[in-house]
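Below you'll find the structure, written out as structure tokens, and then a few comments.
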Amino acid sequence: MMPMLIRRDRASTKAAVLAPVVAVLAAIVVNLLLFMVMGKDPVAVFYAMLLEPFLSWSSFSEVLLKMGPLLLIAQGLAIGFRAKVFNIGAEGQFILGAIFASIIPVYFPQATGGWIWPAMLMLGALGGMLWAVVPAFWRVRLNANEILVTLMMSLIAVQVLNYLLLGPWKDPAGFNFPQSVMFQYDAMVPILLPGTRVNVSLLLAFAAAILAWAYMQRSFGGYQFLVGGLAPRAAAYAGFSEAKAITLSLLIGGFAAGLAGAAEVAGPIGQLQRSISTGYGYAAIIVAYLGGLHPLGIVASSLLMAALYIGGDNAMVSADLPVAAVRVFQGTVLVFYLAAVTFVRFRLEWPGSSGAERGSKGA
Amino acid sequence: MPAPLLSLRGMTKSYGQIRANRGIDLDVAPGSIHAILGENGAGKSTLMKLIYGVETPDEGQILWHGAPVRLSSPADARRLGVGMVFQHFSLFETLTVVENISLIVPGAKSALADRIRALGHDFGLEVDPFAHVHALSVGERQRVEIIRCLMTDPKLLILDEPTSVLPPQAVGLLFDTLRRLRDGGVSILFISHKLDEIQAICDRATVLRAGQVTGHVDPRDHDAHALALMMIGRDMPPPLHADPRPAGKVMLELCGLDYQPDDPFATPLSGLTLTLRAGEVLGIAGISGNGQADLSRLISGEVRLPAARRDEVRMMGQGVGHLNPAERRTLGFAFVPEDRLGRGAVPEMTLSDNSLLTAHGQGMLKRGFIDRRAEVAFTEACIRDFDVRTPGPEAEAGALSGGNLQKFIVGREMSLKPDLLFVAQPTWGVDIGAATAIRQRLVALRNAGVAVLVISEELEELFEICDRIQVIHKGHLSPSLDARSTRAEDVGRWMIGAQAEGAVA
């Protein structure tokens, strides 16, 4: 007999907290089985992927380095997701942020001064936001689906990056590699933890988490987003503008992703190149959902996802895992999470398990 | 009494702390119309969900033709021959009527469409089989629900507050339908709190109060007073007599309002004109689907006019046709919409957060941030003053029964201290006690000098509280009729468009 999903009277907090934990555990089990089938040693993979990132300061600092952009982008996306505005083009907004930030070091490579890196970050945020203006405009004007437009805008962003790197912005002394000049010292975000690559942008990401928490949980603006997402007709009844909510949530997402892109080129990478993103914009979607779209949950899920990145790199070297393994892992985590999150609002009931048996239990 | 078709023994169901049904016994005879009578929250809907297999009981037994059965899903119930028309409809809005029906009834669409027309004609449930459901009014959707049930040839038909959306003429037709079905051997469980209807049509009645049975009676042997006493455990409040008051300032004007809906199936509005003054209640009567839904959106601001036509809707002496609902509220306007879940309230949010929806101007915001204490205080006052039965301000709106949520929304809007209050279907699906309380509140506001506009499909309600009535029919408004000197039959003629021009001055 088929079990049935019964709607709960109210959302279960316990299930909301357990869902991501269960999803991650299930993904670990399934992926280890998958690696066994591929002929890898599951113990070695488990060790390299899930334990090693936390076992030394140097690898943990790399986890924190990856966590920065994921945390920042995911906070921005989650605000839109809660308003049911699905910006899945953070990847493109991230790239535009990186491009805009690079304007200063590319055109003024000799410039010096403490103003340069903050100006680059601001330019980057602006670039990401501008890239999100396009889908916002079409959604508000023509009701064009923002999922499709943001996704297509990401593909365009990649081509803009390619054009710049193969053409006008190519480093003349770079042996014809598609990359810009290396940025000068003042164009780099200052290091936060000496001896590591972790820079001040991690603080920005945590600040974004706090701001997002205050905005979504405490402010009237965030409340209007939530109403728009949960019950659009109630938002119309109350007089909350749908166009404003859509535009603002896309701009916030673009701002955060652009800032992350700027911090990446002005941080660990130090120049504009083709591989500035290892799919941060897409991984952040998983991070946002795995964190329950809650600002504090996202802090935890971004740490986990960052550790998976580092662990995946480790496993490639020490356990001979293919590059795709990390993506597969991320994908399974998301799938299991989406399945598990059903139980926040629903419970499972087996036909036949009801009635008399439950009655006797209750008596 | 012949052997019962359906028997319930000791049905018990709890939701957390709330014991919705406690040891309920019930016998439904074959070929009878059996009323389940009770206030909101008395446990009627829960009991029906148990019979229809939507919920399973904690304790108790269901017997069908004397044999115990276990219903773990509505599909089980349908296989036995139980059909149900819910108070909240379950139709796909993007599909047509015939497509919705073909989801559970086998057969070619053209054959189904013919059957829909035939059933509609026989039972006064006329509906275009090829209309999209989103374009239908609430009343028309209910017709579709009833037709869908009839098409599966049920032995037992459960109707949850079926008359609450029907115009008076159609109630009579529905009752004919139900009698014909009964004579054809179908038993009917008729959930209602309208005593006159139950006395008109039901052979038996089971009265519920607070989850328990308080009586099995023949409703024709008891007068309304006795039944009401069983139901609410106290005397019915006296009826209202709204005395005329001197005319106040004009608070709402429609000046030749025209509106062409995007939806080709909806009724266009043309040349609507009305004037509403402070200290009076104006009622808009009419059969559902004659343009009420768009009219209420135009008055609330959910649908806006171009700025050049702003003066077609005027509030407190200024043209507001181009303003959004929040802007209109700042002028002293408040509005209770006809649908509660998803429009008047967000089901997934707590009552506190639902207060914020329209009452955020009542000191709940500090520099753009929410003052939780003010929000909870407002909500608690609303729950207390309007007798909302709920565990507290932290309960989710979706967990409240329909009537209690309506009391909350009406209370919230009245607490805004408006100069102009607009209520669409104030007592739809609300029990007598609560409905009377809401009507008394509306009249009290009128006496305090508030201008009150009410759209309702219940004529008695309008006659009870209104000073004047205008009737909407096919997107046109009748002239203003004095509620004290006009007979119900005259309003009824306007409702069906049979009023001769010039008959009313």
Side-chain angles (χ1 to χ4, degrees), chain A residues 1-13 16 82-84 143 211 213-244 344-345 347-363, chain B residues 10 12 14-16 18 53-62 68 70-73 76 297 300-303 323-330 335 337 339-350 353-354 356-358 360 364-372 394-399:
Chain A
M1 271 214 196
M2 286 282 289
M4 283 190 312
L5 284 174
I6 310 289
R7 200 171 200 283
R8 296 180 192 267
D9 291 329
R10 57 179 57 205
S12 156
T13 319
R82 293 188 74 171
K84 299 253 159 60
N143 201 22
L211 281 177
W213 178 82
Y215 188 68
M216 292 312 282
Q217 313 293 329
R218 290 280 177 266
S219 87
F220 190 51
Y223 169 82
Q224 296 189 18
F225 277 170
L226 294 184
V227 173
L230 289 170
R233 290 187 311 129
Y237 159 73
F240 305 155
S241 161
E242 191 193 13
K244 194 175 121 192
V344 176
R345 282 224 162 258
R347 60 192 164 79
L348 210 56
E349 200 163 274
W350 295 87
S353 74
S354 51
E357 293 146 59
R358 293 206 314 153
S360 62
K361 221 185 328 175
Chain B
T12 297
S14 300
Y15 297 100
I18 300 163
V54 178
E55 299 274 5
T56 48
D58 299 336
E59 282 172 56
Q61 223 180 8
I62 302 176
R70 180 171 286 174
L71 303 174
S72 48
S73 79
D76 290 351
R297 287 191 159 79
S300 73
E302 288 159 279
V303 171
L323 297 181
N324 75 34
E327 291 163 335
R328 293 183 197 196
R329 274 193 197 94
T330 60
F335 170 46
D339 25 23
R340 300 155 199 155
L341 287 174
R343 186 163 163 215
V346 183
E348 294 90 345
M349 283 186 166
T350 63
D353 280 346
N354 271 295
L356 204 55
L357 201 59
T358 59
H360 50 81
M364 292 188 196
L365 299 182
K366 283 187 182 149
R367 296 199 187 90
F369 283 85
I370 299 163
D371 181 347
R372 296 279 176 213
E394 294 311 308
E396 283 184 18

Where do B:G342 and A:A231 come nearest, in terms of heavy atoms and distance?
-> O-CB, 3.8 Å

Go through the atoms of B:R328 and report whether side chain, backbone, both or neither lie under 4.5 Å from a heavy atom of chain A.
-> neither

What part of B:L365 gets closer than 4.5 Å to chain A, counting heavy atoms only: side chain, backbone, both or neither?
-> side chain

Looking only at heavy atoms, what is the nearest atom pair of B:D339 and A:R233, with distance?
-> OD2-NH1, 3.2 Å

Answer yes or no for B:R340 and A:Y237: cation-pi contact, defined as NZ/CZ to six-membered ring centre under 6.0 Å and angle to ring axis within 45°.
-> no

Heavy-atom contact with chain B under 4.5 Å, split by part of A:Q224 | neither

Honestly, the part of B:S300 sitting under 4.5 Å from a heavy atom of chain A is neither

Spacing of A:Y223 atom OH and B:L357 atom CG [to the nearest 0.5 Å] = 4.5 Å

By a 4.5 Å heavy-atom criterion (distance strictly below it), what part of B:R372 contacts chain A: side chain, backbone, both, or neither?
-> side chain

Are more than 12 heavy atoms from other residues, nucleotides or ligands located less than 6.0 Å from atom CD of B:E348?
-> yes

At their closest point, which heavy atom of A:A236 faces which heavy atom of B:P325, and how far apart are they?
-> O-CG, 3.3 Å

If one checks every heavy atom of B:D353 against chain A at 4.5 Å, the contacting part turns out to be both

Can you see which heavy atom on B:M349 is nearest to which on A:L226, and at what distance?
-> CE-CB, 3.6 Å

Is it the backbone or the side chain of A:A214 that comes under 4.5 Å from a heavy atom of chain B, or both, or neither?
-> both

B:I62 versus chain A, heavy atoms under 4.5 Å apart: side chain, backbone, both or neither?
-> neither

